[in-house]
Amino acid sequence: MIEVREHERPSTVSEAVAVQQRLRPLVRFDGQPAEVRTAAGLDVAYDESSDELVAAVAVLDVPALSVVDSTVVRGRAEFPYVPGLFAFREAPPLLAALQQLSVVPDVLVCDGQGLAHPRRFGLACHLGVLTDLPAIGVGKTPMGRFDPPGEPRGAWTSIEMDGEEVGRALRTQEHVKPVFVSVGHRYALDAACDLVLGLAPKYRLPETTRAADQLGRRAG
DNA sequence: GCGACAG
DNA sequence: ATCTTGTCGC
């Protein structure tokens, strides 16, 4: 099963920022899996009462893209939504859901950013470090600066923040708005984009996140 | 000072 | 995140 590293649960913005600064150096850039046979999609859906949420994880076989395992955990939001501190709201229930899995996925495909974050420590880095599993971030909304990639499927451009490449705007479907890919933990950016393209043969978003999204919505 | 700000 | 079915277009 998945082991989760001991971690703090801050209740204020300044404490949360301090936790990010402390965990950031633990991000690893080596240890990428030689072959990805399973990929987990993670997503959180919100309920009516605004502080109730549903964390869903779907593990897909690669490259078949069939669901081989899944878990759903209901809970309450322990932290408000604050841009840049997204993980303190969604990581707790997602970690609980990950621990219920009967298989350990080769990579976590997170719904949000990884290094494409003001302090280079988005949700994908957070989850990657706390589980020490390879992780990447696939966001629907861009964070840094980028030029629009070409229209063909597979076209991409660099996303930069403070003059460095922190991710890529990747076109997964021709003439469709790109997704925003960044490294989370133990994964290279090139490989992350290859993986996302393989996971998104038909739609804009990877099948992993689509499956998790559907699970969470069904349980809400 | 003003605007921007993952889900 | 969420409010929301069918419909226009490649």
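What you see below is based on every heavy atom in this structure, not just the backbone, and it leaves out hydrogens, waters and symmetry mates. Protein chains get the first letters and strands the later ones, always in sequence-line order, with residue 1 at the start of each.
Atom CG in Asp43(A) sits about 8 Å away from atom P in dT2(C), given to the nearest Å. dC5(B) atom P lies 21 Å from atom CZ of Phe88(A), rounded to whole Å. Nucleotide dC10(C) holds its P atom 14 Å from the CD atom of Glu151(A), rounded to whole Å.
OP1 or OP2 of dG7(B) sits under 4.0 Å from a side-chain N or O of Thr141(A).
Residue Gly139(A) is in sugar-phosphate contact alone, with no base atom involved, counting any heavy-atom pair closer than 4.0 Å across all strands shown. Residue His117(A) is classed as a base contact, given a heavy-atom separation below 4.0 Å to a base. Within 4.0 Å (heavy atoms only), Leu53(A) reaches no atom of the nucleic acid at all. Looking at heavy-atom distances under 4.0 Å, Leu85(A) makes contact with a base. At a threshold of 4.0 angstrom between heavy atoms, the contacts of Gly84(A) include nucleobase atoms, whether or not backbone atoms are also involved.
In this structure, Tyr81(A) packs face-to-face on the six-membered ring of dG7(B), meeting both the 5.5 Å centre cutoff and the 30° plane limit.
Side chains of Gln214(A) and Arg217(A): no donor on one and acceptor on the other come within 3.5 Å.
For Asp213(A) and His175(A), each mapped to the nucleotide of DNA chain C holding its nearest heavy atom, the one lying further toward the 5' end belongs to Asp213(A).
When distances are taken from the side chain of Asp111(A) to each of dT2(C), dG7(B), dA6(B), the shortest belongs to dG7(B). Looking at the side chain of Lys140(A), the nearest of the listed nucleotides dA6(B), dT2(C), dG7(B) is dG7(B).
Around the CZ atom of Arg204(A), the shell of radius 6.0 Å holds more than 12 heavy atoms that belong to other residues, nucleotides or ligands.
Looking only at side-chain heavy atoms (C-beta outward), Leu189(A) and Glu165(A) come within less than 4.5 Å of each other.
Under the 4.0 Å criterion applied to side-chain N and carboxylate O atoms, Arg76(A) and Asp51(A) are assigned as salt-bridge partners.
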